[in-house]
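Report on one structure; see the data block that follows.
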Amino acid sequence: DQFAAELTGLRLLTAQAGALTPTPIGIAEVEGGVILVLEAVHAIERGPQQWRQIGQTLARLHQVKGRDCGLETQGYFGPLYQDNRPLADWPTFFAERRLWPRLMGAIDAGHLPSATIRQVEQLIGRLPKVCGPAIVPALLHGDAQQNNFISTARGAFIIDPAVHYGHPEMDLAHIDYFEAVPADLFVGYQEEAPIEPGFWERRDLWRIPTDLAIVSVDGPGYIGKLTAAVQKYL
């Protein structure tokens, strides 16, 4: 289930990359369901050093390499099921395990205009041309927006991962998905690992599955953003 997937992800990030993650306490029943209880960590205000630490933490995850894209266990992206079944190459994985499922979810929710559906389908056919150079799959947070890191005196703690192996640019594309981040974060990343120059042109491509996920959960408010991203790569 979702909690089991999160716990597996947190343990994997710590075991494989030495990432700081809160210690699980247990599962508690609350009105309407259950919640996962984690060790409390004391957050501090973020300055340049804390932003660099987040970038460094991401880069250290990405230095852990896998044979295939995906993961042997399935997961969740927020409330949505995430299909992690491994595939050998990134463009195929991105199409089959990320874009198609999120497109189907948005269609089933009834929020996508037919023109947008056709454009996403057209984009999927173009992925080998727009995904950039071949990659060695890297260990990913999988939902690396900035609020899924807690800055502490010990460094950056990771929470709410959707762990799998894939393109490191996926994490970089999501760190500022909802809100801008200082350049210090990318400086910190590049202290540990390079960022391909083409990332900045590909960033919106990697965000399209998340655009589709938000449309499927929250409604049509993100369709403009989704459509602009898709058209950029057609």
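This one's a predicted model, so the numbers in the text were calculated from it and none came from an experiment. Along the sequence shown, residues carry numbers from 1.
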Practice item. For the pair Arg207 and Asp176, evaluate salt bridge (Lys or Arg N to Asp or Glu O under 4.0 Å) and give the outcome as yes or no after the intermediate values. Key: CA-CA 10 Å; Arg207 292 172 169 179; Asp176 58 349; 2.6 Å; yes

**Study point:** Check against side-chain hydrogen bond (donor to acceptor under 3.5 Å, both in side chains), Thr210 and His174
**Key:** CA-CA 9 Å; Thr210 301; His174 284 80; 2.6 Å; yes

Practice item. Decide side-chain hydrogen bond (donor to acceptor under 3.5 Å, both in side chains) for Tyr81 and Gln74; before the verdict, give the C-alpha distance in whole Å, the side-chain angles of both, and the deciding distance to 0.1 Å. Key: CA-CA 8 Å; Tyr81 176 75; Gln74 305 310 297; 3.2 Å; yes

**Study point:** Pair His141-Asn148, side-chain hydrogen bond (donor to acceptor under 3.5 Å, both in side chains): steps then yes or no
**Key:** CA-CA 9 Å; His141 179 292; Asn148 284 339; 4.6 Å; no

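Looking at Thr21, its side chain never comes within 3.5 Å of a backbone N or O of Ile158 through a donor-acceptor pair. The main-chain N or O of Gly78 is found under 3.5 Å from a side-chain atom of Gln2 such that the two form a donor-acceptor pair. Side-chain atoms of Thr227 never come within 3.5 Å of backbone atoms of Gly224 as a donor-acceptor pair (strictly under, hydrogens ignored). With hydrogens and angles disregarded, a donor-acceptor distance shorter than 3.5 Å links the side chain of Gln146 to the backbone of Glu179. Under the 3.5 Å distance criterion, the side-chain polar atoms of Thr14 are matched with a main-chain donor or acceptor of Leu10.
Distance check: Met104 CE to Leu99 CG gives 10.5 Å after rounding to the nearest 0.5 Å. Considering CD1 of Ile135 and CG of Asp89, their distance stands at 9.0 Å, rounded to 0.5 Å. Rounding to the nearest 0.5 Å places CD of Gln145 at 8.0 Å from CD1 of Ile175. The CG atom of Leu12 sits 12.0 Å away from atom NE2 of His164, with the distance rounded to the nearest 0.5 Å. Put simply, CG on Asp83 and CZ on Phe93 are 7.5 Å apart, with the number rounded to the nearest 0.5 Å. Note that SG of Cys69 and CD of Glu96 are 12.5 Å apart. Values are rounded to the nearest 0.5 Å.
Across all their heavy atoms, Ile159 and Pro22 have their closest contact at CG2-CG, 3.8 Å. When every heavy atom of Leu205 is checked against every heavy atom of Val130, the shortest pair comes out as CD2-O, 3.7 Å. Considering all non-hydrogen atoms of both residues, Gly75 and Ala5 come closest at CA-CB, 3.9 Å. The shortest heavy-atom contact between Pro91 and Leu127 is O-CD1, 3.9 Å. Pro24 and Leu38 make their closest contact through CA-CD2, 3.7 Å (heavy atoms, listed as atom of the first residue, atom of the second, distance). The minimum heavy-atom distance linking Leu112 with Ala106 is given by the pair CD1-CB, 3.6 Å.
Put simply, Ile195 and Phe149 are part of the same group of oily side chains (I, L, V, M, F, W, Y) that touch within less than 4.5 Å, one to the next. Hydrophobic clustering, with ILVMFWY side chains joined whenever heavy atoms are under 4.5 angstrom apart, keeps Leu139 apart from Leu20. Trp200 and Leu185 fall within a single hydrophobic cluster, where Ile, Leu, Val, Met, Phe, Trp and Tyr are joined by side-chain heavy atoms under 4.5 Å apart, directly or via other members.
Taking the centre of each ring, Trp206 and Trp90 come in below the 6.0 Å mark. Here the two rings, on Phe186 and Trp51, have centers that are 6.0 Å apart or farther. The six-membered or imidazole ring of His62 lies near that of Tyr189, with a centre-to-centre distance under 6.0 Å.
Asn84 and Gln82 share a donor-acceptor pair across their side chains, judged by distance under 3.5 Å alone. Checked by atom type, the side-chain pair Ser151/Gln50 shows no donor-acceptor distance below 3.5 Å. With hydrogens and angles left out, the side-chain atoms of Asp211 and Tyr177 include a donor and acceptor closer than 3.5 Å. Thr73 and Thr8 share no donor-acceptor pair across their side chains, judged by distance under 3.5 Å alone.
In summary, Arg202 and Glu169 engage in a salt bridge, as defined by a charged side-chain N under 4.0 Å from a carboxylate O.
Across Arg60, Arg52, Gln56, a single residue satisfies side chain to side chain donor-acceptor pair (under 3.5 Å) together with Glu192, and that is Arg60.
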